[in-house]
Amino acid sequence: CRLLHRDVSVNNILFTGEKETVKGMLIDFDVADPIDHPNRDKRPNRSGTLPYMSIGNLKNNGVDRTALDDWESIIYIICWLGTLGINQHDQELYKRSYSLPIDKWRKGLPTEIADEKMIHMHANAIFRAFVLDNFVPYPDYKNLKGLADQLHIKLFANGMLSPRSQGTKPASSLDSAYPNPSSSSPSKFLDLDIDSSITDPFERRAKIADILVGQLLQVTQNAKNEALERIRSK
């Protein structure tokens, strides 16, 4: 729909099961922006719900907001529900957010939350250790965990991008505490035409947002098809 929602959260997603399918709806477009509007403010003020806000949104920095910010929010929603439980039964058993790294996604100043997310999201190995390894250990969460992992790879550790467009920190500032997000090196990176003087990986990815959105959509479409197959096979 070419809209930047700017407040994707668990409270703004509705879904219902109908026979052998599941339908969902995204609501509350009060702060949404049309991506293609010529007069759109590409760097609007901070908006959203803290645990699900993108890093750029939290920092309220100078990087253009794109659909990738909404996709980043979707990853945080999946991780939040996967860690704390989707239904009331699971949430009652796992009232433990205070002891987990993602508890820092909702406490403190927006910039402090952004700093925590930058650590957790920088590389896939770090993301798995800090976030995915804390998912509810029930079989039904295994597929949700895999979806979060694949979305994280496409957005933050995409092997089709050069290292300078991966992770959360400029390549020039990477150190031993933040290992290289991906060691893949295809002969033709998707970001080779981006000015090398741009070192912020968020800014670099924003310039090829449409390409990355296509990859993210494919991941979710595959997950949807697999989920429907599981529903129909029961």
Side-chain angles (χ1 to χ4, degrees), residues 1-18 21-88 91 102 105-111 113-114 116-118 120-121 131 144 147-148 150-152 154-156 168 200 202-225 227-228:
C1 63
R2 304 296 296 174
L3 282 176
L4 180 60
H5 188 277
R6 298 181 60 219
D7 189 15
V8 180
S9 70
V10 294
N11 295 321
N12 289 334
I13 298 176
L14 305 178
F15 66 91
T16 182
E18 295 183 7
T21 188
V22 177
K23 294 183 178 181
M25 178 183 295
L26 185 62
I27 63 172
D28 192 358
F29 287 80
D30 290 350
V31 295
D33 278 333
I35 292 176
D36 300 320
H37 195 287
N39 297 321
R40 177 176 79 88
D41 184 358
K42 295 184 178 181
R43 300 169 186 176
N45 291 329
R46 186 185 292 121
S47 65
T49 308
L50 288 175
Y52 320 116
M53 289 167 64
S54 70
I55 292 170
N57 193 5
L58 286 163
K59 284 185 169 293
N60 205 21
N61 58 19
V63 177
D64 292 352
R65 304 289 186 272
T66 70
L68 296 182
D69 289 272
D70 283 349
W71 278 98
E72 189 178 334
S73 293
I74 290 172
I75 295 175
Y76 297 139
I77 290 172
I78 295 172
C79 293
W80 195 262
L81 295 176
T83 302
L84 302 183
I86 294 176
N87 56 50
Q88 187 173 1
Q91 290 168 357
I102 67 166
W105 292 4
R106 63 178 176 181
K107 294 180 178 179
L109 298 173
T111 52
I113 296 174
E116 290 297 329
K117 287 184 175 180
M118 286 182 71
H120 299 162
M121 307 304 285
V131 182
L144 200 62
L147 174 59
Q150 288 302 307
L151 290 174
H152 177 271
K154 291 300 182 185
L155 185 54
F156 290 99
T168 62
D200 186 332
F202 291 96
E203 185 176 358
R204 293 179 64 83
R205 291 193 293 266
K207 293 186 176 299
I208 52 173
D210 286 346
I211 296 175
L212 297 178
V213 164
Q215 295 184 0
L216 291 161
L217 278 170
Q218 188 61 58
V219 169
T220 55
Q221 185 62 53
N222 292 342
K224 173 187 174 183
N225 293 338
L228 291 176

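All residue numbers refer to positions in the sequence shown, counting from 1. For the numbers below, each heavy atom of this structure counts, side chains included, while hydrogens, waters and symmetry mates do not.
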Applying side chain to side chain contact (heavy atoms under 4.5 Å, CB included) to I13 and I27, what does each step give before you reach the verdict?
CA-CA 6 Å; I13 298 176; I27 63 172; over 6 Å; no
Nearest 0.5 Å, please: how far is [atom2] in [Y] from [atom1] in [X]?
X	Y	atom1	atom2	answer
I74	D69	CD1	CG	11.5 Å
K23	T16	NZ	OG1	9.0 Å
N60	M53	CG	CE	8.0 Å
I211	K154	CD1	NZ	12.5 Å
L151	I75	CG	CD1	5.0 Å
K117	W105	NZ	CH2	6.0 Å

Within the distance-only criterion (no hydrogens, no angle test), does the side chain of [X] pair as donor or acceptor with the backbone N or O of [Y] below 3.5 angstrom?
X	Y	result
S73	Y52	yes
N57	S47	yes
D70	A67	no
T83	W80	no
R6	V31	yes

Exercise: identify the closest heavy-atom pair between [X] and [Y]:
X	Y	answer
H5	L26	CD2-CD2, 3.5 Å
A223	L147	CB-CD1, 3.8 Å
I113	G108	CD1-O, 3.9 Å
T168	I55	CG2-CD1, 4.1 Å
V131	H120	CG2-CB, 4.3 Å
R65	G56	NH2-O, 3.2 Å

Taking it one step at a time, do E116 and K107 satisfy side chain to side chain contact (heavy atoms under 4.5 Å, CB included)?
CA-CA 10 Å; E116 290 297 329; K107 294 180 178 179; over 6 Å; no
Any side-chain heavy-atom pair of [X] and [Y] under 4.5 Å:
X	Y	result
D28	N11	no
T66	L4	no
L212	R205	yes

Could you please spell out the steps behind the side-chain hydrogen bond (donor to acceptor under 3.5 Å, both in side chains) verdict for Q91 and N87?
CA-CA 6 Å; Q91 290 168 357; N87 56 50; over 6 Å; no
Is the shortest side-chain N to carboxylate O distance from D210 to R2 below 4.0 Å?
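Judged by the 4.0 Å cut-off on N to carboxylate O distance, D210 and R2 do form a salt bridge.
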Between Y76 and V10, does a side chain to side chain contact (heavy atoms under 4.5 Å, CB included) hold up when you go through it step by step?
CA-CA 10 Å; Y76 297 139; V10 294; over 6 Å; no
Just by distance, no angles: are the side chains of D7 and T49 close enough, under 3.5 Å, to form a donor-acceptor pair?
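The criterion, which ignores hydrogens and geometry beyond distance, is satisfied for T49 and D7.
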Polar contact flag, side-chain donor to acceptor under 3.5 angstrom, Q221-N225
yes
Identify whether NZ of Lys or CZ of Arg in R204 sits under 6.0 Å from the centre of the six-membered ring of F202 and within 45° of that ring's axis.
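Output no; distance or angle outside limits.
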Test side chain to side chain contact (heavy atoms under 4.5 Å, CB included) on V213 and L68 and set out the steps.
CA-CA 7 Å; V213 164; L68 296 182; 3.9 Å; yes
